[in-house]
Amino acid sequence: MKSLQLTGARRLEVRDVPEPTAVGPDEILVRVKAVGICGTDIHYYQGESAGYTKMQYPFIMGHEFAGVIERVGSQVTAFRPGDRVAVDPANSCMTCEPCLEGHPNVCPKGRFTGSPGFPGALQELIVHPARLAFALPENMSFTEGALLEPLGVALHAVDLGKIRIADTVAVLGCGPIGLNIVQLARLAGAQEVFAAEVVGHRRRMAEKCGASLAIDPTRQDPVRTILDATNGRGVDVAFEVAGAIETP
């Protein structure tokens, strides 16, 4: 089967790899239908590590994905072949202290699909734990299903932020996750949402998503602008979503 492999900085190659033959008792075999390209993937493509992950070539990227189940393991009862699913790429151990306390996202033993050492979804078929698959309704496209992973990140951030009715919120960085946070902040009851983003089309999209004011940091100081707009009060909750050292 075909796979798209990162073989070095800025080097991608289509390579043939063997089709998976073994599906564990609690696993599913998914035929990939849609894969999102994350900011992390861009870092990998440019030869940069992401977080604590060390680069290892070659490897297959792709952690935002959806597809159709082709085969299920002997102990899988929630799914059957033909089911449409979106997939959570974070494979936590579920036995360590953070996992047992309800924080599998910080599992020290976790494996992340699509990172060096753990092949991702830029291939035709992939084996994955069934517990990390979620059924897609028929009216949801595979592309929308792939976007559920970044939506989940935004939901988790907003949940941690504990936005209350009539709060004032700042979202610093309006990539896909930042834009999701703008919308979710409004849905959570935020009275004002200030967005800061250097890319013009993302600022325009932030306004469409509900931002009260979209700030261009290359022309305005976001902190000063927000303080002026709030009579010096500032915001109740701020989300740093740019991942940049220079973000205020």
Side-chain angles (χ1 to χ4, degrees), residues 23-28 30 36 38-41 43-44 49-54 56 59 61-66 69 72-79 85-121 126-136 145-165 167 169-173 175-190 235-245 247:
V23 178
D26 58 351
E27 294 178 328
I28 54 174
V30 178
C38 176
T40 302
D41 297 319
H43 285 296
Y44 288 150
S49 61
Y52 298 104
T53 305
K54 294 182 179 180
Q56 302 174 37
F59 79 99
M61 298 185 292
H63 60 266
E64 303 170 359
F65 65 103
I69 295 177
V72 300
S74 59
Q75 296 178 12
V76 176
T77 58
F79 298 107
V85 293
V87 178
D88 181 351
N91 189 359
S92 306
C93 74
M94 303 310 294
T95 59
C96 68
E97 184 176 345
C99 284
L100 294 176
E101 289 182 343
H103 306 292
N105 56 304
V106 292
C107 172
K109 303 175 184 177
R111 297 176 298 158
F112 200 81
T113 298
S115 62
F118 306 104
I126 186 170
V127 175
H128 207 70
R131 64 179 176 83
L132 298 176
F134 301 87
L136 286 180
L147 288 172
L148 291 178
E149 195 273 347
L151 175 61
V153 175
L155 283 165
H156 182 61
V158 171
D159 183 53
L160 291 175
K162 295 180 170 55
I163 297 171
R164 298 176 298 176
I165 300 295
D167 270 357
V169 173
V171 180
L172 310 175
I177 293 174
L179 292 172
N180 275 324
I181 291 176
V182 170
Q183 296 176 81
L184 291 169
R186 282 296 198 185
L187 290 171
V235 298
D236 298 290
V237 185
F239 296 93
E240 196 289 307
V241 205
I245 295 174
T247 303

- Item | side chain to side chain contact (heavy atoms under 4.5 Å, CB included) between L179 and V171, worked out | CA-CA 8 Å; L179 292 172; V171 180; over 6 Å; no

- Message: To the closest 0.5 Å, what do you measure between OG (S92) and CG (L132)?
- Response: 7.5 Å

- To the nearest 0.5 angstrom, please state how far the CG atom of D41 sits from the CD atom of E64. 7.0 Å

- Query: With distance as the sole test, does H43 use its side chain to make a donor-acceptor pair with the main-chain N or O of C38 at under 3.5 Å?
  - Reply: no

- Task: Compare all side-chain heavy atoms of P104 with those of M94 and state whether any distance is below 4.5 angstrom.
- Result: yes

- S115 and H63, any side-chain heavy atoms less than 4.5 Å apart: no

- Task: Go through the steps to decide whether F134 and L148 satisfy the test side chain to side chain contact (heavy atoms under 4.5 Å, CB included), and finish with yes or no.
- Result: CA-CA 10 Å; F134 301 87; L148 291 178; over 6 Å; no

- Kindly compute the distance separating CG (D26) from OG1 (T77), expressed to the nearest 0.5 Å. 11.5 Å

- Might you point out which heavy atoms bring G114 and F59 nearest each other, and give the distance in Å? O-CE1, 3.6 Å

- Message: Just verifying a value: how many Å separate I181 CD1 and E240 CD, rounded to the nearest 0.5 Å?
- Response: 9.5 Å

- Query: Knowing that exactly one of V153, L184, V237, L187 qualifies, which makes a side-chain contact (heavy atoms from CB on, under 4.5 Å) with V158?
  - Reply: L184

- Message: Using every non-hydrogen atom in the two residues, find where L136 and G145 come nearest and quote the distance to one decimal.
- Response: CD2-CA, 3.8 Å

- Report, as yes or no, whether the 6.0 Å neighbourhood of atom CZ on R131 holds more than 12 heavy atoms from other residues, nucleotides or ligands. yes

- All ring-ring contact (aromatic ring centres under 6.0 Å, His included) counterparts of F239, not counting sequence neighbours: none

- Task: Apply side chain to side chain contact (heavy atoms under 4.5 Å, CB included) to V235 and V169, showing your working.
- Result: CA-CA 5 Å; V235 298; V169 173; 5.8 Å; no

- Atom OG of S49 and atom CD of Q56: how far apart are they, to the nearest 0.5 Å? 11.5 Å

- Item | Which atom of P129 lies closest to which atom of N91, heavy atoms considered | CG-ND2, 3.6 Å

- Message: Give me the atom names and distance for the closest heavy-atom approach of G36 to A146.
- Response: N-CB, 4.2 Å

- Item | Check: P89 and F118 side chains under 4.5 Å, non-hydrogen atoms | no

- Query: So how far is it from I126 CD1 to F65 CZ, rounded to the nearest 0.5 Å?
  - Reply: 4.5 Å

- Please name the pair of heavy atoms, one in P98 and one in V106, separated by the smallest distance, quoted to 0.1 Å. CB-CG2, 3.9 Å

- Looking at A130 and V76, what are the two nearest heavy atoms and their distance? CB-CG2, 3.7 Å

